[in-house]
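Take a look at the structure set out below.
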Amino acid sequence: MSTVSPPVRMNHREILESLSGLLLVLFVAMISSTIVSTALPRIVGELNGTQTQYTWVVTSTLLAATATTPVWGRLADMFSKKLLVQIAIGIFVLGSLISGFAQDTPQVIAARAVQGIGVGGLQALVQIVIAAMIPPRERGRYNGYLGGVMAVATLAGPLLGGLIVDTSWLGWRWCFFIGVPIAVIAFFLLQFTLHLPAGARSKGKVDYLGAGLIAVGVSTLLIWVSFVGNSFAWLSWQTADMVLSALVVLGLAVVVERRAERPVVPLDVIRQRVPALAILASLAVGMAMFGGAVFLGQYFQVGRGYTPTEAGLLTMPLMLGVLISSTVTGRMVTKSGKVKPYIVTGAIILVAGFLGLSFIDHATPLPVLSVGMLLVGLGVGMTMQNLVLAVQNTAAMKDLGAATGAVTFFRSLGGTIGVSVLGAILAERVKTSILSHLAAAGLPAGAGGGSLNLQALPPAAQAIVREAYGDATGHIFLVSAAIGVVGVIAALALPKITLRSSVDLPAAEPESAPALAKV
């Protein structure tokens, strides 16, 4: 059952006023990951963490965001979107403060999970609110403002993170603290600037059982991926127990979702052709992008010996590519009303970038690295937001939150799986390489240490560890390229998509439009 009232179109000035707070919210969400990316090796190293813990500092945030994103999306269809954004900001602030005061790596992992709940809300809700204000055809007109925020967050974030950890009177804890005042400002700015037009609002109960089953099933699989090959073998009773348990739980989740009045992952939406293919492409792009890019900061610091500040500067081509392509293609999409050509082109460029990075080792020239990162960034900027736009274009206003939450959920799920899988592959290859090089150098097997605190190792062992990380990173980019091919195939299979010029679907369109034909 839903209560429907015709949405009122906002004029340009009203949209800009409402966007001001949302842009600051977007900045907070984006900088929470980019500012930490270059600081992670220093954080995990000072806390004597391991490679597995390094991966889980990232994975815990992605996992929490993934598990809660569909819930945030469905809540947005039922309650005040403005209030939900402010609640998400509050959770983000709490997680940031706990992260900053953490005393060991497990505490950082747990605190980042809390932060991830807030990030999941912010990522989904900002897109949902913007979609509620601006028709799909006109949304590219405002990509310049979004691109400006992305520029500050993605370009300045890694550099700022490096400067913070390299400044003795600040330290890595301020990578978490610095976002708190920005989030508080965004909270109050939204209170005075965000005024959404009345629209359709669904009624019913949120399917918390389904959300819980999805979270448990996905978490079990990710925990298995993180420890398999290290703590136990691929073919072992532990593997059988965890994988079968996860599949059973996820199967139950599907049953619950099919029967729920308001499922958190609406199966009737994701079965439609455009959403289904866009979600598949988002899953692949998320796995490739998050899984590959998150280890670039570690490559430059551990594998090449650069400082966090230098690592932040060296990753800027990736972020610059995202800024350029998202801004330019946004305007081109608005002008043409077509979105598929840019998704296909971006997916191909993304694969090409990862293929280029797959050849790197501990001595690869920096210009070669920059070209590969730039291509990856261009591909991400052309695909990520346009895939969400393709799904939103098929959704009625009353289901906008659930549809957006679904595609964001699978994108985050892909990123979480990608980080876990590629982190496990990297850890195994690094371990094997270190042991063989130590044996060749006549050093004991324990000389390579078990943590990322290289300063505690003898010089000869430091060189071996750096070479191992530098040479192993190229392999995970090759895996990322292979995953990205799935995204290319899904993008090619998309039908022609013409973006509508209305905020909501016409009354008869959900049943009759060819773009909504089911697979």
For the side chain of [X] and the backbone of [Y], is there at least one donor-acceptor N/O pair under 3.5 Å apart?
X      : Y      : value
Trp72  : Ile117 : yes
Lys81  : Ala76  : yes
Lys340 : Pro495 : no
Arg273 : Ala493 : yes
Lys338 : Val333 : no

Could you grab the distance from atom [atom1] of [X] to atom [atom2] of [Y], nearest 0.5 Å is fine?
X      : Y      : atom1 : atom2 : result
Ile489 : Leu280 : CD1   : CG    : 9.0 Å
Ser326 : Tyr342 : OG    : OH    : 14.0 Å
Leu355 : Phe477 : CG    : CZ    : 12.0 Å
Leu369 : Tyr299 : CG    : OH    : 4.5 Å
Phe79  : Ile87  : CZ    : CD1   : 9.5 Å
Ile214 : Thr69  : CD1   : OG1   : 11.5 Å

Test Val254 against Leu250 for side-chain contact (heavy atoms from CB on, under 4.5 Å), laying out the working first. CA-CA 6 Å; Val254 173; Leu250 291 175; 5.8 Å; no

Identified side-chain contact (heavy atoms from CB on, under 4.5 Å) partner of Leu378 from the options Thr383, Val322, Ile349, Leu320: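 For Leu378, the side-chain contact (heavy atoms from CB on, under 4.5 Å) check succeeds only for Ile349.
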
Side-chain contact, heavy-atom cut-off 4.5 Å: [X] with [Y]?
X      : Y      : value
Ser20  : Phe192 : no
Leu357 : Val376 : yes
Leu26  : Leu22  : no
Val85  : Val25  : yes
Leu190 : Leu24  : no
Met382 : Ile343 : no
Val119 : Phe92  : yes
Leu209 : Leu213 : yes

Please assess Gln191 against Lys82 for the test side-chain contact (heavy atoms from CB on, under 4.5 Å), listing each intermediate value before the final yes or no. CA-CA 8 Å; Gln191 183 63 33; Lys82 176 178 178 178; 4.0 Å; yes

Of all heavy-atom pairs between [X] and [Y], which one has the smallest distance, and what is that distance?
X      : Y      : answer
Ile128 : Gly73  : CD1-CA, 3.9 Å
Gly210 : Ala253 : O-CB, 4.4 Å
Leu422 : Ser480 : CD1-OG, 3.3 Å
Pro275 : Val391 : CA-CG2, 4.0 Å
Ser325 : Gly381 : OG-CA, 3.1 Å
Ala64  : Thr68  : O-OG1, 2.8 Å

Working note: Leu350 + Leu375, criterion side-chain contact (heavy atoms from CB on, under 4.5 Å); need CA distance, chi angles, decisive distance, verdict. CA-CA 6 Å; Leu350 180 68; Leu375 288 175; over 6 Å; no

Could you check Thr61 against Gln115 for side-chain hydrogen bond (donor to acceptor under 3.5 Å, both in side chains), going step by step and ending with a plain yes or no? CA-CA 7 Å; Thr61 306; Gln115 193 179 44; 4.8 Å; no

Intermediate values then yes/no, side-chain contact (heavy atoms from CB on, under 4.5 Å), Val249 and Thr220: CA-CA 9 Å; Val249 172; Thr220 303; over 6 Å; no

